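In each ligand, atom 1 is the first atom listed, and ligand 1 is the first ligand listed. These numbers come from the heavy atoms of this one structure, side chains and all, not from hydrogens, waters or symmetry mates. Source: prediction; values computed, not measured.
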Amino acid sequence: MKSNVLIAPSILSGNFADMGGEVKQMKDLGADWIHIDVMDGVFVPNITFGFKMIKDIRPLSPLFFDAHLMITEPKRYVERFCDSGADLVSFHFEAEKDISGALELIKGKGKKCGLAINPDTDPDVLIPYVGELDLILVMSVFPGFGGQSFIEGSLERIERVKKMRDELAPTAVIEVDGGVNAVNAASIARSGADVLVAGSSVFGASDRREAITALKK
Ligand code: DX5
Ligand code: ZN
């Protein structure tokens, strides 16, 4: 799954009243993946959408659907997210006791799996699982809302995760999520990110195509 940096616009920052239109335009604008933020109001203090939304937007884009679950005990639901049309399902280390069990359920559905860590979680917690992962999601803001500022200490965390990935799981990709914009994208990629999530910097831009191109530079 490795390549040059990929851009995954987060539809959390899109217009919910026209989610179909937002998703449809992403391929033409140069996006690589669609990042889908699922929030339950318990793991994070915000609520977004669930299975039905993913199922309904699935036919509207050929892009890779990257579901980021910010929900408690995600093992209960990962299979339903796979069935709804996600190509990859990530959940949070902090939210699940049976991490290997949840990863197995995702793989059992033939989908890619990812594990996310919050900005205050030691990246070393990933070590026992990293060999099972297709993707490591490094949060560069505390999850819950789009439009927050990138936490600067995240660059060093990304470098640590990259070292771990290179040693223990060379095929896994590193995704960075939160506060990514045209100004900081290059340094985030240099630190080791393979996939950049971008919500407000894409959907809030007057020229979204230009915004995506700028993130890739
Ligand atoms: C935060 C979400 C992010 C968020 C990114 O909880 O996981 O994906 O939408 O939005 P920006 O790019 O605006 O920080
Ligand atoms: Zn996200």
Checking side-chain contact (heavy atoms from CB on, under 4.5 Å) against Trp33, which of Leu6, Leu63, Asp87 comes through?
Leu6
For atom 8 (O) of ligand 1, which candidate among Asn46, Ile36, Asp177 holds the nearest heavy atom?
Asp177
Atom 1 (C) of ligand 1 has as its nearest protein heavy atom Phe145 O, 3.6 Å
At a 4.0 Å threshold, what atoms of ligand 1 neighbour a non-hydrogen atom of His35?
8 (O)
State whether the side chain of Asp32 and the backbone N or O of Ile7 hold a donor-acceptor pair below 3.5 Å, judged by distance alone.
yes
Numbered atoms of ligand 1 (with element) below 4.0 Å of His68, judged on heavy atoms:
7 (O)
For Glu210, does the CD atom sit with more than 12 other heavy atoms under 6.0 Å from it, leaving out its own atoms?
no
Looking at ligand 1, does any of its N/O atoms fall within less than 3.5 Å of an N/O of Phe142?
no
Is the distance between the ring centroids of Tyr77 and Phe91 under 6.0 Å?
no
Looking only at non-hydrogen atoms, find the nearest pair between Ala116 and Glu94 and report the distance.
O-OE1, 3.9 Å
How is the N/O/S atom of His68 that comes nearest to the Zn ion (ligand 2) named?
ND1
Taking only heavy atoms of Gly147 into account, list the atoms of ligand 1 that are under 4.0 Å away from them.
11 (P), 13 (O), 14 (O)
Give the atoms of ligand 1, by number and element, whose distance to some non-hydrogen atom of Pro143 is under 4.0 Å.
6 (O)
For Asp40 and Thr72, which I'm curious about, is there any donor-acceptor pair between the side chains at under 3.5 Å?
yes
Output the list of atoms in ligand 1 that are nearer than 4.0 Å to some heavy atom of Gly178, sorted by atom number.
14 (O)
Among Ser200, Ser149, Gly144, Ala198, closest by any non-hydrogen atom to atom 6 (O) of ligand 1
Gly144
For the Zn ion (ligand 2), what is the closest N, O or S atom on Asp37?
OD1
Establish, for the pair Arg208 and Phe203, whether the NZ or CZ atom is under 6.0 angstrom from the six-membered ring centre and no further than 45 degrees off its axis.
no
Does any N or O of ligand 1 fall below 3.5 Å from an N or O anywhere on Gly199, backbone included?
yes
Backbone of Asp98 reached by a side-chain donor or acceptor of Glu96 within 3.5 Å
yes
Under 3.5 Å side-chain donor-acceptor pair for Ser10 and Asp37
yes
Per-atom filter on ligand 1: closer than 4.0 angstrom to a heavy atom of Val197 are 8 (O)
May I ask you to decide if the ring planes of His92 and His68 are parallel, tilted or perpendicular, using 30° and 60° as cut-offs?
parallel
In ligand 1, which numbered atoms sit nearer than 4.0 Å to a non-hydrogen atom of Gly146?
10 (O), 13 (O)
Considering the heavy atoms of Met39, write down every atom of ligand 1 situated less than 4.0 Å from one of them.
6 (O)
Using a strict cut-off of less than 4.0 Å between a Lys/Arg side-chain nitrogen and an Asp/Glu carboxylate oxygen, indicate whether Lys24 and Asp18 qualify as a salt bridge.
no
Need the atom name: nearest N/O/S atom of Asp177 to the Zn ion (ligand 2).
OD2
Polar contact flag for Gly179 and ligand 1 (N/O pairs, less than 3.5 Å)
yes
